[in-house]
Q: 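Quick one: the structure is below, and I'll ask about it shortly.
To find a chain, count down the sequence lines: A is the first, B the second, and so on, and within it residues start at 1. Bear in mind the structure is a predicted one, so any value in this text is a computation, not a measurement.
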Number of protein chains: 2
Amino acid sequence: MADRPLRADARRNRERVLEAARELFAASGIAVPLDEIAARAGVGPGTVYRHFPTKEALFEAVTTARLHDLVEFARARAAADDPAAAFDEFLDRLTEEAAAKRDLPEAFTAVGMDGLAPAREELFAVLTVLVRRAQEVGAVRAEIRASDLLALLKGMLQAAGESPDPTVLDRIAVVLRDGLRPPAPQRINLSTDTPGGRAP
Amino acid sequence: MADRPLRADARRNRERVLEAARELFAASGIAVPLDEIAARAGVGPGTVYRHFPTKEALFEAVTTARLHDLVEFARARAAADDPAAAFDEFLDRLTEEAAAKRDLPEAFTAVGMDGLAPAREELFAVLTVLVRRAQEVGAVRAEIRASDLLALLKGMLQAAGESPDPTVLDRIAVVLRDGLRPPAPQRINLSTDTPGGRAP
DNA sequence: GAACATACGGAACGCTCGCCCCGGTTAGCA
DNA sequence: TGCTAACCGGGGCGAGCGTTCCGTATGTTC
C-alpha cells in the first residue's frame, strides 16, 4: 500500500505501455484493442492491467496529459496583450495537433470518463476567457460561445483525421478561422460602402 | 428466384424493419444493435436477415435513399441561375438535415460499404459542380474543393449531432457559411488595391 | 549467492453482437 | 374449408474484446 518505488522492470514496462498507448490511441482512437497496445509495448495484456485498472483509465492517463498541455497553452494566451493574436495562436496549435491525433476529439466529449472531467472543465473555462477577450476586440463574432468553439474544433479534428489528404486540414482551418470572425470587415478605420450589406 | 410478389405479412414486416432502422440509425448511428431494430419493428432478428443479408446492407438501404434525395436536391441547384443562392440553399438543406440525422455523416465516409459508393460518387460529382459555379461568381473561396466541403459538412453534422444544445448547430452553420466565402468583399465590380494578395 | 517478494505472460472467462437454423404459424389459393 | 409453401420468432453459435487468474520468471535484499 505504501508507495514503495516500483521495480525496475515494472517502471520500464509502464513507460512502454504509455508510449504504445500514446501512439495507437493517436492513430486509431480509443477503438484500438488493448491487446494491440500490449503487443506493441512488448508485454502481455495482464501487465497493462497491473498498471492501469481499466482500458479507460489508460486512455485517460494518456489524454489527460495531452489536454493539460493544451490548457496550459491556452491559459498563457488567455492573459496575452493581444487577444486576437492569442486566439489565432490557439487555433494554430489545434491545427497542428490535428495532424495525427485522433484521440483528442474523443477526449473532448468522451462520455462516462469521469477522470477526464476536470481537464475538460479547465479547458472549457480557459476557452471561455479566450473567446470573450477576442470578442471584446472584435476578432470573434459575438454570438459564439466556448461550447460552439469546442464543437467546431472537434468536428474539424475528426473530419481532418479521417481524410487521407493532409492538405484538407489547412483549408478547413482557414474556413473556420474566417468564419469565426465578425461578418463585416469592421477591423479598424475603413470606409467601404459595400452595397447589399447584411449587417447594420 | 423469380420476383414473385411478397406475401402480405412479409411486405409489411419489411416496411416495419426499414422504418425502425431509419429511426434508430438516425438517432444513434450504425452502432445500434440489430436486435434493437428488430425489437422496435416488432419482429425477430431472423426476420431482419431474411430481408437484408447483413446489417450493413440494411444500413445501406436506409442511407442510400437519404443520399439520393440529397443528390437530387443538389443536382437541381447545380444548374440554377444563381449559383451563390444555390450553394446557400444546399447548406440550408444540410443544416436542417443535421437536426437529428446521425447516420448521414457516417454515410459520407463509411469504409467498406461498397453499396454506398455509387451514391457517394454522385454526391461528390454534383458537389464539385455546385462549388465550382459558386466560385465562378465569387461566392466561395477559390481554393475550396468538394472534398473539403464534404469534410466540413461531415464535421458540422457530427458536432451538432453530439451536442445536446440544438442552437449550437445554428452558430456552427453561420461560421461555416461565412468562412466559405472569399476573404475580401470582392463581390462584383470594385477596384480595391488589396496589398499582399494571395490570388493573382 | 540464496531467499523472498514482486511483476510478467498468456491462457481462459464472460459479455456483446452479428448471424444462422429449426419448429411452429400464417397467408394465399383451390 | 383445407392444403401447401412461404414466413416468423427466438434460441444458439462463433468471433472479438475487455478483464482476470495463476504458474513462472526476475529484480531486490541480506
Side-chain angles (χ1 to χ4, degrees), chain A residues 1-21 24-25 27-63 102-103 106 110-116, chain B residues 1-21 24-25 27-63 102-103 106 110-116:
Chain A
M1 294 304 166
D3 46 352
R4 159 143 71 213
L6 263 60
R7 235 171 66 177
D9 55 345
R11 178 160 207 64
R12 196 180 54 227
N13 277 334
R14 187 191 156 88
E15 277 315 308
R16 281 188 187 168
V17 167
L18 274 174
E19 175 68 17
L24 291 182
F25 279 146
S28 311
I30 201 177
V32 66
L34 190 135
D35 290 23
E36 242 172 73
I37 298 177
R40 159 89 84 142
V43 303
T47 300
V48 177
Y49 279 94
R50 196 157 309 96
H51 291 293
F52 303 94
T54 179
K55 183 190 177 185
E56 282 192 357
L58 175 59
F59 185 79
E60 286 176 10
V62 166
T63 316
R102 202 155 176 180
D103 51 347
E106 285 173 344
V111 290
M113 294 213 189
D114 298 344
L116 281 183
Chain B
M1 295 303 162
D3 46 354
R4 159 146 68 211
L6 262 60
R7 231 170 69 174
D9 53 346
R11 180 162 208 60
R12 196 179 54 228
N13 277 334
R14 185 191 156 90
E15 276 316 308
R16 282 188 187 169
V17 167
L18 274 173
E19 175 67 17
L24 292 182
F25 280 147
S28 311
I30 200 176
V32 67
L34 190 134
D35 289 24
E36 242 171 74
I37 297 177
R40 159 89 86 143
V43 303
T47 303
V48 176
Y49 280 95
R50 196 156 311 98
H51 291 293
F52 303 94
T54 180
K55 184 188 176 185
E56 282 191 358
L58 176 58
F59 185 81
E60 286 177 10
V62 166
T63 316
R102 202 156 176 179
D103 51 347
E106 285 172 343
V111 291
M113 294 215 190
D114 298 344
L116 281 183

Q: Please report the interatomic distance CD1(A:Ile30) to CG(A:Leu24), rounded to the nearest 0.5 Å.
A: 13.0 Å
Q: Quick one: A:Arg14 CZ to C:dG9 P, roughly how many Å, whole number?
A: 16 Å
Q: Is there a side-chain polar atom (N or O) of B:Asn13 under 4.0 Å from OP1 or OP2 of D:dC8?
A: yes
Q: Within this structure, what is the CD1-to-P distance between A:Ile37 and D:dT19, rounded to whole angstrom?
A: 11 Å
Q: So, for B:Tyr49 and B:Thr54, which heavy atoms are closest and what is the spacing to 0.1 Å?
A: CE2-CA, 4.0 Å
Q: Throw together a table of side-chain donor-acceptor distances under 3.5 angstrom for residues 41-48 of chain B, partners on residues two or more places apart or in other chains.
A:
none

Q: Taking only side-chain N and O atoms of A:His51, does any of them lie within less than 4.0 angstrom of OP1 or OP2 on C:dC8?
A: yes
Q: Using whole Å, what does the distance between atom C1' of nucleotide D:dG18 and atom CZ of A:Phe52 come to?
A: 16 Å
Q: Does the side chain of B:Phe59 reach to within under 4.5 Å of the side chain of B:Ile37, using non-hydrogen atoms?
A: no
Q: Take atom CZ of B:Arg16 and atom P of D:dC8, then tell me their distance rounded to the nearest Å.
A: 11 Å
Q: How many angstroms lie between atom CG of A:Leu58 and atom NE2 of A:His51, to the nearest 0.5 angstrom?
A: 11.0 Å
Q: Which letters describe nucleotides 18-30 of chain C, given B = protein heavy atom under 4.0 Å from base, S = only from sugar-phosphate, - = neither?
A: SBBB----BSS--
Q: Compare all side-chain heavy atoms of A:Glu19 with those of A:Glu15 and state whether any distance is below 4.5 angstrom.
A: no
